[in-house]
Amino acid sequence: MIDLRRLRTEPDAVRAALARRGIDLGALDRIVELDRRQRAVATERDEVRNRIKAISADVGRLHKEGRKDEAGALQAESRALGEQEHALDADADALAADLRAELLVVPNLPADDCPDGASEHDNVVVAVHGYDPDAYADHQRVPHWDIGAELGILDLERGAKLSGSMFVLYRGAGAALVRALVQLALDRNADAFEEVRPPTLVSTQTMISTGHLPKFVDEAYHLERDDLWAIPTAEVPLTSLARDEILDATHLPQRFMAHTSCFRREAGSAGRDTRGLLRVHEFDKVEILAYATPEQAAEVHADLLRRAVGVIADLGLAHRILDLCTGDIGNSSARTFDIEVYAPGADRWLEVSSVSWFSDYQARRANIRYRPAGGKGTEVVHTLNGSALAVPRVWAAIVETYRRPDGKVTVPEVLRPYLGGRELLTAGPSR
RNA sequence: GGAACGGUGGCAGAGCGGACGAAUGCAGCCGCCUUGAAAGCGGCCGUGUCUUCGGGCACCGGGGGUUCGAAUCCCCCCCGUUCCGCCA
């Protein structure tokens, strides 16, 4: 949620920032007007309440003194005020609900240094590592879905049989590779992040806090009977960890990581990237997340990015870093860096991590604050997060990059300890 | 799923229709005392919102109701603990 007070006091600045996203600003006018009316009605209601309270105190005193007649007259007056108060209160509530509904779908203000742009084509490539299109041999130009089937480590047909298309079944060394990647990502961040194993089904409020609802309902799996949502990323439960809490500034930044399944309906991308592991409904991911003060945010953001890039680099995958433009960053984000790996078989750049700084946008929705050291009152914290490692696309890039002329796939050095020393990915028993 | 008991400030825990935003204790902050510290003593010590900056209003799990007046009474819901049932 954007800061209503800021919209009130610096409407032009807010407007200018949101305009950089290239969105319609009509909602802002409605919000300003709803806010004005809501406060006017609430003030009026509070004044009536004030009078009721004063009268009640008098009534109590008069009763004690036995002046029943005078008390009775006041009670009648208060009764009438009560009806007024009720009506005003209902109006104020209705206006507040409308205001909130409008406010919840307004995206975050992009950071000042977020590059301007209209779409993904305007994203800025910050760095490219290990990519040379001419360096790949023919044996690496085979897509992972073919390699996976050939080696018996990926069974897309049976995944589809069980759950439908875009659901995946890994087998043998392929399944072990999933586990190895998860373990690697967790181990690499265990120095600074507390591991959490959260629920993957969460309440509506939890989904609203990160900004995944109400705007992106169609993207999420919903269990109607129990009114629970399958998380699209561990960012959702991890952000709500501190919901409605006031953190101590001396404990910031606070960092958490979690390995979970992630569920996405991919409703808007039907027919796109349907092959192999490019886009799937359910996948494993290790997420890293931090709560920070505004002053710490930039450094924490850089650290998250360093960590996410580090795993990819150590896996020996060609990759690049993108600074997403104002037209492409997510709704809740103020600044986002994407990491893409190059998959030589599919001959495509695949997004494997999105490292975002949400400023106070999510924290305001989730009501997460902190007490500044030595200062008075509370401030809204900043939240940041990124994928430490998202399995399917990394799995795909590894299999394509490390394919040998004989068709077998070499296990990257850093993963071998997690695969019992195994050097090749093959079908059959895992060891 | 059934039953019982609970849900009050950072924590513990009173209050069960009238001056209660709420006793008391602990923790925390400031001061006194002290060479320093502890103990002791005195004071401060929730959040949000609006404000004409005087103050107003809201919040005792959530929602509704009764009343001139609700933390306190009534109804519905949610959550927790324990026991029983079922079960990986």
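Predicted model, so just to flag it, every value in this text is computed and none were measured. Below, chain A is the first sequence line, B the second, and so on; all start at residue 1.
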Result block: side-chain N/O donor-acceptor pairs under 3.5 angstrom for residues 100-108 of chain A, not counting sequence neighbours:
unit_1: A:E102; atom_1: OE1; unit_2: A:R30; atom_2: NH2; d: 3.4
unit_1: A:E102; atom_1: OE2; unit_2: A:R30; atom_2: NE; d: 2.7
unit_1: A:N108; atom_1: ND2; unit_2: A:S332; atom_2: O; d: 3.0
unit_1: A:N108; atom_1: ND2; unit_2: A:F358; atom_2: O; d: 3.1
unit_1: A:N108; atom_1: ND2; unit_2: A:S359; atom_2: OG; d: 3.0

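In terms of phosphate contacts, A:R8 brings a side-chain nitrogen or oxygen within less than 4.0 Å of OP1 or OP2 of B:C50. Taking only side-chain nitrogens and oxygens, A:R371 never comes nearer than 4.0 Å to OP1 or OP2 of B:G28.
The CG atom of A:D89 sits 15 Å away from the C1' atom of B:C50 (whole-angstrom rounding). Counting to the nearest Å, the P atom of B:C79 and the CG atom of A:L228 are 10 Å from each other.
In this view, A:W395 satisfies the side chain to side chain donor-acceptor pair (under 3.5 Å) rule with no residue, not counting sequence neighbours. Listed by chain and residue number, nothing satisfies the salt bridge (charged side-chain N to carboxylate O under 4.0 Å, His left out) test with A:R265 (two or more places apart in sequence, or in another chain). Considering only residues two or more places apart in sequence or on other chains, A:H212 meets the ring pair (Phe, Tyr, Trp, His ring centres under 6.0 Å) condition with none of them. Residues passing the side chain to side chain donor-acceptor pair (under 3.5 Å) test with A:Y170, sequence neighbours excluded: none. Scanning for side chain to side chain donor-acceptor pair (under 3.5 Å) contacts around A:E295 gives A:T293, with sequence neighbours left out.
Heavy-atom minimum distance, A:A363 versus A:V381: CB-O, 3.2 Å. Between A:D360 and A:H382 the shortest heavy-atom distance is N-CD2, 3.7 Å. Here the closest heavy-atom approach between residue A:R20 and residue A:D116 is recorded as NE-OD1, 2.9 Å.
Comparing B:A38 with B:C53, their P atoms sit 43 Å apart, to the nearest whole Å. Here, B:G6 and B:G15 have their P atoms 12 Å apart, quoted to the whole Å. Spacing of C1' atoms, B:G40 relative to B:U34, comes out at 12 Å, to the nearest Å. Going from the P atom of B:C16 to that of B:U72 covers 12 Å, rounded to whole Å. A distance of about 36 Å separates the C1' atoms of B:G62 and B:U52, rounded to the whole Å. Taking atom P on both B:G48 and B:C33, the two are 36 Å apart, rounded to the nearest angstrom. B:G9 and B:A22 have their C1' atoms separated by 9 Å, given to the nearest Å. When the C1' atom is used for both B:G21 and B:C32, the distance is 30 Å, rounded to whole Å.
When ring centroids are compared, A:Y370 and A:H251 stay outside the 6.0 Å threshold.
Side-chain atoms of A:S209 and A:Q205 form a donor-acceptor pair, as typed in the model, at a separation below 3.5 Å. In summary, the side chains of A:H281 and A:Y221 do present a donor paired with an acceptor at a separation below 3.5 Å, with no hydrogens or angles considered. There is no side-chain donor-acceptor pair under 3.5 Å between A:T210 and A:E235.
For the pair A:F256/A:Y291, a side-chain contact is recorded, criterion being any heavy-atom separation below 4.5 Å from C-beta on.
Taking the syn range as angles within 90° of 0, the glycosidic angle of B:G54 is syn.
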Every protein N/O within reach of nucleotides 67-70 of chain B N/O, cut-off under 3.5 Å:
unit_1: B:C68; atom_1: OP1; unit_2: A:R79; atom_2: NH1; d: 2.5
unit_1: B:C68; atom_1: OP2; unit_2: A:R79; atom_2: NH1; d: 3.2
unit_1: B:C68; atom_1: O2'; unit_2: A:S56; atom_2: OG; d: 3.1
unit_1: B:C68; atom_1: O2'; unit_2: A:S78; atom_2: OG; d: 2.6
unit_1: B:G69; atom_1: O4'; unit_2: A:S56; atom_2: OG; d: 2.8

Exercise for review: Sugar-phosphate means primed atoms, P, OP1 and OP2; the rest is base. With that split, encode nucleotides 55-65 of chain B 5' to 3' as B, S or - using protein heavy atoms under 4.0 Å.
Suggested key: -BSS------S
Review point. In dot-bracket notation, what is the pairing pattern of RNA chain B, taking Watson-Crick (N1-N3 plus N6-O4 or O6-N4) and G-U wobble (N1-O2 and O6-N3) contacts under 3.5 Å, with [ ] crossing and | for other strands?
Key: ((((((((.[[[..)..(.....]]].(((((.......))))).(((((....))))).[[[[[..)....]]]]])))))))....
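For residues 32-43 of chain A, proximity to RNA chain B is found at A:R39, A:T43, defined as any non-hydrogen atom under 4.0 angstrom from a strand atom. Within residues 238-256 of chain A, no residue has any heavy atom under 4.0 Å from RNA chain B.
Among residue pairs with one or both ends in residues 216-234 of chain A, none qualify as salt bridge (Lys or Arg N to Asp or Glu O under 4.0 Å); sequence neighbours excluded.
Under the 4.0 Å criterion applied to side-chain N and carboxylate O atoms, A:R416 and A:E413 are assigned as salt-bridge partners. Salt-bridge annotation for A:D155 and A:K161: absent, with no side-chain N of the basic residue lying under 4.0 Å from a carboxylate O of the acidic one.
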